[in-house]
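Heads up: the structure comes next, in structure tokens.
Whatever order the structure lists ligands and atoms in, that order sets their numbers, starting from 1.
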Amino acid sequence: MKQIISFFGAMLMLMACSQATEISIIPQPQQVAVQKGCLKVAGLPVNIGQSEQMDERVEWLAEELAERLSLVTGKSSEVDNDEPGICLVENTSLAPEHYTLTVEPKRKSIVIEASDYNGLFNGVQTLYQLLPPEVYGDKARSDVKWVVPAVAIQDGPRFSYRGMHMDPCRHFWTVEETKRYIDVMAMHKMNRLHWHLTEDQGWRIEIKKYPKLTEIGSVRKSTIIGSLWENLEYEKEHGQMKEDGIPYGGFYTQDEAREIVAYAWNRGITVIPEIDLPGHMLGALAAYPELGCTGGPYEVWTRWGVSDEVLCPGKEAMFTFLEGVFDELMEIFPSEYMHIGGDECPKTAWEKCPACQRRIKTLGLKSDAKGTKEQKLQNYVTSRLQDYLAKHGRKIIGWDEILEGELAPGATVMSWRGAEGGVAAAKAGFDAIMTPNTYCYFDYYQSDKPELEPLAIGGCLPLEKVYSCDPFEGIPEDCQHHILGVQANLWTEYISTTEYLEYMLLPRMDALSEVQWCAPEVKDYNQFLGRVEKMFKAYDVLGYTYSRVAFGEPGMKGVPGGSAK
Ligand code: ACM
Ligand code: ZN
């Protein structure tokens with residue numbers, strides 16, 4: 001009998017190991033060497049030894065890991081520096097954010113080594129993905145084999161900037177919803193959240209010096225129904241768009257923003273706030289109309305698109321305002337970068353505005369081959385903010401329009417109108433972040449059958465296209481060091497629920513993470529698709545909505561198609 005039990009015991013062990021050796025990790029690690037055997041993790045202690053001196057967050061990471069394992073295995077794992085177990089070890093020879101992960105069943109140990117906190121954090125994310133997807137759950141699962149295969153992994157990212165953008169302006173995301181977004185970024189080893197905090201449709205961050213920004217600027221009286229394009233047609237005939245008549249608002253207090261910053265920081269993510277200026281500013285103009293060229297009145301916009309009403313750089317008060325806003329932001333956001341927007345700023349108001357024209361004259365700005373005098377006025381706005389922020393030790397990122405005219409050295413360009421902005425920036429010696437709409441706009445449809453998908457802004461960006469993004473396309477080899485990394489943008493004009501937000505995000509975020517993390521020779525779309533199926537199991541456990549369009553199943557459950565609306 002004993003023999004039979006041990007035989008079945010060994011069989012179970014083997015089955016458990018063979019399940020576990022199907023290693024499926026996104027983003028795909030650089031090197032994975034699978035060895036024989038596997039290790040039970042239930043009850044393993046977490047040991048941080050000397051690494052607690054590396055970064056104050058290591059203790060948090062160890063507790064988090066121990067708590068998660070205890071929760072799902074039902075057997076207590078403790079942080080204990082006297083026991084081997086799962087060891088988080090400092091190794092200064094490794095490059096930033098790189099890690100090694102070694103599972104040694106004989107020693108009953110898992111060793112994760114890194115030279116910095118993000119490296120350890122990334123190693124722990126890989127460990128979770130080596131475990132069954134139920135590791136992400138919120139209850140003990142005694143029916144799950146809590147084993148990891150014996151492996152030796154060496155891994156590190158291709159790019160240092162691995163971003164995801166979030167738009168709480170067109171539709172607002174609560175602190176909890178934002179944390180969910182950060183959680184899924186962290187799973188994918190991303191390290192920058194670009195938080196787009198101001199828009200024509202709403203100002204979303206408390207600024208104590210300017211309370212009307214949130215009192216007035218954060219609420220629109222109504223929102224258009226359906227697509228902007230259909231509404232533009234409707235407006236031609238009826239003189240107005242179709243609106244829902246329901247006030248819509250929301251903003252983050254400074255304490256809430258700090259909470260998000262800290263939450264992200266523990267997960268290896270820096271939050272970069274964006275104040276989109278001088279265009280896309282109706283939220284601020286509704287609150288402080290004196291900041292515009294005409295003095296208003298202005299309204300928080302109820303429609304999508306690009307407004308001709310923008311900030312007035314002819315007025316010194318506008319600069320005082322922006323400096324006051326950034327003074328408070330710098331207190332909340334420790335990021336070395338502040339995003340100053342700069343996209344889609346029509347110049348029609350400036351052309352007619354006496355104050356703007358006076359400023360152009362005083363500065364001696366002239367239209368020439370490099371740009372119009374109004375474009376150069378925008379360069380002046382960019383430079384003044386760049387100088388102001390530099391005095392406080394911060395650098396700027398701006399959308400690729402900041403390249404028009406003349407851009408001062410030291411700015412970083414975010415290329416969104418295709419890759420052209422990034423190519424031009426890198427050739428001109430500027431750092432660039434690639435967010436080309438052609439590969440990285442997650443507000444686009446996911447298939448060429450929009451009638452089967454929820455209403456989106458347009459375009460077509462299937463999973464495979466995201467995966468095929470080459471951030472160096474068109475960039476001469478000697479300029480490629482200027483490409484800091486890659487980011488996807490998820491504008492939310494048509495996205496009003498977390499389910500829809502996640503549907504647009506997943507699994508395109510999986511593809512993005514491999515563009516950001518993996519060397520091109522490691523990438524393989526068909527093999528990636530197999531690994532996405534495993535991620536879906538994790539998303540099921542976590543309750544994330546995702547799209548199966550890439551697997552021939554278009555549409556989001558329960559949501560009608562877009563074009564039909
Ligand atoms: C942008 O999509 N307007 C940057
Ligand atoms: Zn003006």
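- Checking Tyr380 against Arg384 by side-chain atom types alone, a donor-acceptor pair falls below 3.5 Å.
- Side-chain atoms of Trp301 and Glu199 include no donor-acceptor pair closer than 3.5 Å.
- Residues Tyr161 and Asp431 have side chains that never bring a donor and an acceptor to within less than 3.5 angstrom of each other.
- Note on ring orientation: taking the six-membered ring where Trp is involved, the planes of Trp491 and Trp399 are tilted (angle from 30° to 60°).
- Listing protein N, O or S atoms at distances below 2.8 Å from the Zn ion (ligand 2), with waters left out, gives Cys293 SG, Cys312 SG, Cys353 SG, Cys356 SG.
- A salt bridge links Arg417 to Glu404: at least one charged side-chain nitrogen sits closer than 4.0 Å to a carboxylate oxygen.
- Applying the salt bridge (Lys or Arg N to Asp or Glu O under 4.0 Å) criterion to Arg548, with sequence neighbours excluded, gives Glu533, Glu553.
- Between Glu177 and Arg180, no side-chain nitrogen of the basic residue sits less than 4.0 Å from a carboxylate oxygen of the acidic one, so the salt-bridge criterion is not met.
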Would you mind writing out a table of all protein N or O atoms found under 3.5 Å from any N or O atom of ligand 1, naming both atoms and giving the distance to 0.1 Å?
from: ligand 1; atom 1: 2 (O); to: Tyr441; atom 2: OH; distance (Å): 2.6
from: ligand 1; atom 1: 2 (O); to: Trp491; atom 2: NE1; distance (Å): 3.4
from: ligand 1; atom 1: 3 (N); to: Asp343; atom 2: OD2; distance (Å): 2.7
from: ligand 1; atom 1: 3 (N); to: Glu344; atom 2: OE1; distance (Å): 3.2

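- Lys315 and Glu290 are not joined by a salt bridge, as no carboxylate oxygen comes within less than 4.0 angstrom of a charged side-chain nitrogen.
- Scored by the salt bridge (Lys or Arg N to Asp or Glu O under 4.0 Å) test, Glu464 finds no partners at all (sequence neighbours excluded).
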